[in-house]
Amino acid sequence: MAVDVLLGLQWGDEGKGKIVDVLTPKYDIIARFQGGPNAGHTLVFDDIKHVTHTIPSGIFNEGCLNIIGNGVVIDPVIFKREIKELNDLGIDVKSKLKISKKAHLILPTHRLLDQASERAKGKEKIGSTLKGIGPTYMDKTGRNGLRIGDIISTSFKAKYEFLVRKHAQILKYYNFDYDLTEAEAEWMDAIETIRGLDLIDSEYFINDAIKANKSILAEGAQGTLLDIDFGSYPYVTSSNTVCAGACTGLGIAPNQTGEVIGIFKAYCTRVGSGPFPTELTDEIGKKMGVAGNEFGATTGRPRRCGWIDLPALKYAVMINGVTNLIMTKADVLNEFKTISVCTHYIYNGEKIDYFPYELIDDLTPVYKEMKGWNTDLSEVGSMEDVPAELADYISYLEAELGVPITMVSIGPDRKQILVPEKVSAY
Ligand code: GDP
Ligand code: IMO
Ligand code: MG
């Protein structure tokens, strides 16, 4: 079967983890294709809240196999912690998880390089999660990286030391003091945990699964506007978060991809630095942040909030070839009398509806106002029963984006999801 791809259409944290969890019963395999522990995907069910960073969000489902693809970067220490937390919940991670030998390793010195680079940038800093993501992908593309498959090689230690010596030179340039002793010991210890897991040629495994008619969902991390090529560069992450990233990050041919499921919030958030045209720094933005509990799942930083941005969403739909849209966090707008939708920007005095090369400071959003539903959605059972104002909001977005909205999420729990009765896809 063709591989469905699920990804974020904004600046991350759209609720991908929750939706993967909702969709997992439909799939045999969930495969993460890029990013690393900069991601934090939250799942809530049976009064448990769980955040996955490296491990795919299908891990909680009994019958589902999970794969960490070659496009992912792994910090063994964080990964080991994640495994322990899951084991403590009674999940046998070892039997349900396979890891690509071609996934790259985040070294302790990659984390230091991330810190040193951000410190040197001062006010221009990216607002990185400081998990070593950028430096690790730099070593990957610079052909210096260490891969999961290296840990079973007899020359692993030598390769590690060679790379750490290179990093030490760069850290000297940054004038960055550090002591590696403890972090290195912890890292080496965590490598032992990985040695005991199922390390595979995931591209063969996945293509065999496609041939065997297995259903597979590729799980993206971050969001389209953080993509290294198409995001708000340089305020982006260091991987391809878009649909094409699922092909390179798993070894799937483009003609083997199926549905492209784009996740977006009913409004918009961003964490870290960088332009955000519809950002609200006023009371309305604060109200969204409180109602949506907008704090980073990985770093705990407050997320910046603003209205939904159609030029950016249309761009994301185009780049990814989105076939299904899922809107999350509709409930966060329950107490808004009016809702604004950014339809255009004023860019250098001109009204535009595309996502420009640079989101310059004086890019001004043009808004259309819509009536809010101003109702508690918790008692609504299906998409057919939503208040008229929410139905209008959904129809308007569908018409503008040219793609159907096939689910609406109305709360963090797995059960808080509205599906149209007519949709048979799920
Ligand atoms: P991800 O990175 O895309 O998986 O998203 P995060 O987990 O970082 O952030 C989404 C946050 O919103 C988490 O705290 C979720 O529990 C929560 N969430 C997801 N869907 C909904 C929803 O429909 N309504 C509300 N109120 N919260 C939601
Ligand atoms: P999920 O998968 C939101 C942001 C960081 C920073 C920029 C670069 O949970 O949606 P990096 O650590 O990659 O060097 O940071 O990207 N960022 C995210 N923002 N959600 C994420 O992941 C993010 N991963 C990275 O805040 O602005
Ligand atoms: Mg997140």
Side-chain angles (χ1 to χ4, degrees), residues 6-22 32-45 48-54 56-57 72-73 75 106 110-111 113-115 117-118 121 125-138 219-228 231-239 241 263-276 288-304 326-334 377-378 407-418:
L6 180 146
L7 38 75
L9 299 180
Q10 296 161 320
W11 276 288
D13 303 329
E14 297 89 350
K16 298 175 291 296
K18 169 184 169 161
I19 303 299
V20 171
D21 179 52
V22 166
R32 256 288 289 275
F33 61 87
Q34 45 68 235
N38 48 350
H41 295 180
T42 313
L43 294 82
V44 180
F45 56 90
I48 299 177
K49 173 178 162 174
H50 198 90
V51 181
T52 63
H53 299 285
T54 324
S57 304
V72 176
V73 290
D75 181 328
I106 302 175
H110 283 131
R111 287 205 302 261
L113 287 167
D114 220 354
Q115 287 171 33
S117 159
E118 284 284 80
K121 282 195 162 103
K125 73 174 184 187
I126 308 294
S128 161
T129 60
L130 301 179
K131 302 292 177 200
I133 305 295
T136 305
Y137 279 114
M138 277 165 76
E219 174 179 0
Q222 290 80 54
T224 302
L225 307 179
L226 288 170
D227 180 86
I228 183 69
S232 49
Y233 193 87
Y235 298 98
V236 293
T237 190
S238 296
S239 64
T241 61
I263 315 295
F264 69 101
K265 281 179 187 170
Y267 50 103
C268 194
T269 63
R270 168 159 214 176
V271 62
S273 338
F276 180 1
M288 282 177 185
V290 171
N293 192 21
E294 293 295 357
F295 294 93
T298 296
T299 58
R301 293 178 292 177
R303 297 177 183 142
R304 301 150 65 192
I326 296 180
M327 182 167 84
T328 59
K329 305 193 89 158
D331 55 300
V332 174
L333 301 184
N334 278 356
L377 295 178
S378 59
M407 280 189 185
V408 172
S409 174
I410 53 164
D413 194 277
R414 167 191 281 180
K415 291 196 190 120
Q416 292 171 303
I417 192 91
L418 303 179

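Each residue takes its place number in the sequence, starting with 1. Heavy atoms only: backbone and side chains are in, while hydrogens, waters and symmetry mates are out. Each ligand, and each atom within it, is numbered from 1 in the order the structure gives.
Near ligand 1, heavy-atom contacts under 4.0 Å come from Asp13, Glu14, Gly15, Lys16, Gly17, Lys18, Gly40, His41, Thr42, Ala297, Arg303, Lys329, Asp331, Val332, Ser409, Ile410, Gly411, Pro412.
The shortest N or O to N or O distance between Lys131 and ligand 2 is not below 3.5 Å. The distance criterion of under 3.5 Å between nitrogen or oxygen atoms is not met by Ser238 with respect to ligand 2.
The closest side-chain donor-acceptor pair between Thr241 and Gln222, if any, does not fall under 3.5 angstrom. A donor-acceptor pair shorter than 3.5 Å cannot be found between the side chains of Thr269 and Asp13.
Taking every non-hydrogen atom of Ala221 and a distance limit under 4.0 Å, the qualifying atoms of ligand 2 come out as 2 (O). Per-residue contacts place Gly127 under 4.0 angstrom from the following atoms of ligand 2 (heavy atoms of the residue considered): 5 (C), 6 (C), 26 (O), 27 (O). Close contacts of ligand 2 with Arg301, meaning ligand atoms under 4.0 Å from a residue heavy atom, involve 5 (C), 26 (O). Close contacts of ligand 2 with Trp11, meaning ligand atoms under 4.0 Å from a residue heavy atom, involve 3 (C), 19 (N).
Taking 4.0 Å as the cut-off, Arg303 does not count as a neighbour of ligand 2 on heavy-atom distance. Contact between Arg270 and ligand 2 is absent, with no heavy atom of the residue lying under 4.0 Å from the ligand.
For the Mg ion (ligand 3), protein N/O/S neighbours under 2.8 Å (waters excluded) are Asp13 OD1, Gly40 O.
Residue-level proximity to ligand 2 for Asp13 is carried by backbone and side chain together, each with a heavy atom below 4.0 angstrom.
With hydrogens and angles disregarded, a donor-acceptor distance shorter than 3.5 Å links the side chain of Arg270 to the backbone of Ser273.
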